[in-house]
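A, B, ... follow the sequence lines: proteins, then strands. Residue 1 opens every chain.
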Protein chains: 2
Amino acid sequence: MKKILIALGGNALIKQGQTGYFEEQLKNINSAAKKIAELTKKYQVVLTHGNGPQVGNLEIQMSCNDEIPKMPLDVEDAMTQGQIGYFIQKSLRNILPKKEIITIITEIEVNKKDKAFNNPTKPIGSFYSKEIIKKMKIKNFIEDSGRGYRKIVPSPEPKKIIQLKTIKELIEKGKIVVSCGGGGIPVIKQGKKYKGVEAVIDKDKASVLLANSLNIKEIVILTDVEFVFLNYKKENQKKLKKIKINELKKLLKKNEFGKGSMKPKIEACINFIEKGGKKAVITSLNKLIPALKGKTGTQITK
Amino acid sequence: MKKILIALGGNALIKQGQTGYFEEQLKNINSAAKKIAELTKKYQVVLTHGNGPQVGNLEIQMSCNDEIPKMPLDVEDAMTQGQIGYFIQKSLRNILPKKEIITIITEIEVNKKDKAFNNPTKPIGSFYSKEIIKKMKIKNFIEDSGRGYRKIVPSPEPKKIIQLKTIKELIEKGKIVVSCGGGGIPVIKQGKKYKGVEAVIDKDKASVLLANSLNIKEIVILTDVEFVFLNYKKENQKKLKKIKINELKKLLKKNEFGKGSMKPKIEACINFIEKGGKKAVITSLNKLIPALKGKTGTQITK
C-alpha cells in the first residue's frame, strides 16, 4: 500500500476564532479523523501534527500561578505530544477499531549553533491584542496573518529524529503512528548527552524530515486555507494551484510568503521534493480528499 | 534476560517538600536513571510511572487563567505521560546511548460502572493547608500522610491496556518501554466508542495489569519509604520485611494501611502474586539495588 504522510496543523484542532475548549478540539479532531480514516482505504497513513495553539495556551497557563513552577518549552512540547496524540489515537480508533494507532513521544536533534536561537520567528498560542501581550509580559511577539499579536519562539532546523527506528518498525507492521508532534521535542547534543532546548521546531519541516527518512513520496500539509496564495488577503490575491519547486524558489526570494506561517511550509515542501519526494500538497482539511485527486489545493512537484 | 517491571512513583521526580521545579525533577530523574541503568545489566527493564504530583500541579495551573480553557483530567493524564516519559527516556538514553527507550501514550479501559466514580480516593498534586484548599475551591480533598491536604479524584480499576500489543512487541525487540504512565489514561466504552473519563488510575494497579499481561514475574514498586510499615509514623511503627500475601490480606482487613497511599500498593502486589507473579518488592529508589538482592525493602511472595 502506498505510504502518505499527513501533517495536521495545530489549527486542525483549534480553529480560527476558537479558544481551544476541550469540546471544540474533540469535535475538530473527530471530523479530521473521518477524513483520515477514509484515506486509509487507499493509503498507509503516517501522521504528524502541529501544536502551536496548544503549546501557546499551555505556556500561558503554566505561567499564571506563582506557587507552581512552569516547565520549559521543550517539556511543554512533550506534554502537547501526549495531549494531541491522545486526541488523535482515540478519535481515529473509534472509526477504525481494528487499527492500532500509536503515539510515540518524539525528540528531534537540532544544532545548538542554529541561528534561530538568536532570532525567534515561530508564532505560538492564541492571537492577542497588544494590550494583553503587554499584560502577559510576553517579550517576543509579532503581528500574525492580520489576526492579532502572537508570542514567537526560536524555530531551529530539525536534524535527526531520535526515535526514527521504532517509528519505522511500527509503520512497517501496518500501524498508524502519530509522531514528531509539534515538530518534535527539540534537543541538542552537549558532549555525549542530550539536553532539551526552549524552542518549537516547525512541524512541517519535521514532517518532511520524517517523510524523507521513511522514503515516503507524498505528503499533505493541512492548514486553514485551501490554497497557498500570492498577495494573501490583498485585493490582488492569487491562488497557487499546480506549481514547480523552481517557481516557488523565485517567489520565496521575493518574500511572497508570511514568515511565521506559510514560508516554512513552502521551504519544507521544496526540501521534501529536492530530497526525493514526488508530490507535496498544501490544502485545508475539508479539501483533503479532492486535493489528493489533484482537484484542488496547491500541488507542488519537481 | 529476565524481565522486571519497575514502577516509579510520581514522587521519584518530585520529592517530599519539593514543589516540582524543572531542575528538581531533572536531578531526581537523573539519579533514578542511574539506578535503572544499573539494572539493565541483569534484567530486561519495563518501566511505568506515577503522575500524582505532576497532574495535580497541571490541574491547578490549567484552572488559574479564565481566558484559556482547562483540559479534563484524562487529557492532563496524557500530557503528564508525555512530560514524564520525555524526562525518563532522555535521562536514561544519556546513560545508555545504545538503548532505544520509547514512551507509548497508553489508554487503559475502565468499567464505566466502577464504584470509584462515586467515591474519589486518589490524592493528586501538592500538599496544601486547609486555607489554600479553600482558596483554590477544591471540592474533594483529604488529609494525607500527616503532611497536609490534597485534592482527591476517582481511581477506577484498570481493566484493559489498549496499546498492549505494541508495548509487548517493542519489549520483545529489546527496547526499554515507558508505558501506562500515571496509571494510564482512563477510558470507558460507550457502545462501540471509547471516551475519556476524569479519573486517575492507580499506577501500581496499572503496572500489575501490565506485568501480568506480559507474564513478568518480578515487580518493584518504588515509593518514598524503604519499607511498608505497620502503625506508620506512630511510636510503635513496625517494618514489614519478608511477608506472604495471606498475612497481608489479614492486615488489609484490619485497615492497617493508608487508604490513598499504601493500601492500593498492597492490593496491587497481592493481585500481582495471585495472578502468577513470583515476587513484589516495595522500597525506595535509593534501596532499589540492595532490595533486589533481598537485603532490604518489603518483599512480598506467595
Given Glu76(A), Met79(A), Gln81(A), the one that forms side chain to side chain contact (heavy atoms under 4.5 Å, CB included) with Met79(B): Met79(A)
The interface call for Lys165(A) against chain B, heavy-atom contacts under 4.5 Å, is both
N/O donor-acceptor pair under 3.5 Å between Gln163(A) side chain and Glu107(A) backbone: yes
For the interface with chain A, which of Phe22(B), Tyr86(B), Phe87(B) has the highest count of heavy-atom pairs at distances below 4.5 Å? Tyr86(B)
Tell me, side chain or backbone of Val178(B) under 4.5 Å from chain A's heavy atoms, or both, or neither? neither
With the side chain counted from C-beta on, respond yes when Val153(B) and Glu198(B) share a heavy-atom pair under 4.5 Å apart, and no when they do not. no
Greatest number of heavy atom pairs closer than 4.5 Å to chain A - which of Thr19(B), Thr166(B), Asn57(B), Val187(B): Thr166(B)
For Lys203(B) and Thr48(B), test the side chains for any donor-to-acceptor distance below 3.5 angstrom and give the result as yes or no. no
Which region of Leu26(B), side chain (C-beta onward) or backbone (N, CA, C, O), has a non-hydrogen atom less than 4.5 Å from a non-hydrogen atom of chain A, or is it both or neither? neither
Test the Arg150(A)-Phe141(A) pair against the cation-pi criterion, namely NZ or CZ under 6.0 angstrom from the six-membered ring centroid and within 45° of the ring axis. no
Return yes if some donor-acceptor pair links the side-chain N/O of Glu24(A) with the main-chain N/O of Tyr21(A) below 3.5 Å, else return no. yes
Could you verify whether a donor N or O on one side chain and an acceptor N or O on the other, from Gln83(B) and Asn51(B), lie under 3.5 Å apart? no
Expected output: side-chain Gln25(A) to main-chain Gly20(A) donor-acceptor under 3.5 Å: yes
Max heavy-atom pairs within cutoff under 4.5 Å with chain A, candidates Thr106(B), Ile95(B), Leu170(B), Asp74(B), goes to Asp74(B)
Could you check Lys112(A) against Lys189(A) for side chain to side chain contact (heavy atoms under 4.5 Å, CB included), going step by step and ending with a plain yes or no? CA-CA 7 Å; Lys112(A) 63 183 167 193; Lys189(A) 211 154 185 191; over 6 Å; no
Just checking heavy atoms, which of residues 96-105 of chain A are less than 4.5 Å from chain B? Glu100(A), Ile101(A), Ile102(A), Thr103(A), Ile104(A), Ile105(A)
Engaged part of Asp77(B) at the chain A interface, taking heavy atoms whose separation is under 4.5 Å: neither
Below 4.5 Å, heavy-atom pairs only: which of Ser63(B), Pro69(B), Ser91(B) has the largest tally toward chain A? Pro69(B)
For Ile84(A), which atoms come within 4.5 Å of any heavy atom of chain B: side chain, backbone, both, or neither? neither
Counting only heavy atoms not in Lys15(A), do more than 12 fall under 6.0 Å of its NZ? yes
Among Lys192(A), Lys175(A), Lys70(A), which residue forms the greatest number of heavy-atom pairs with chain B at distances under 4.5 Å? Lys175(A)
Contact between Ile161(B) and Cys180(B) at the side-chain level, heavy atoms closer than 4.5 Å - yes or no? yes
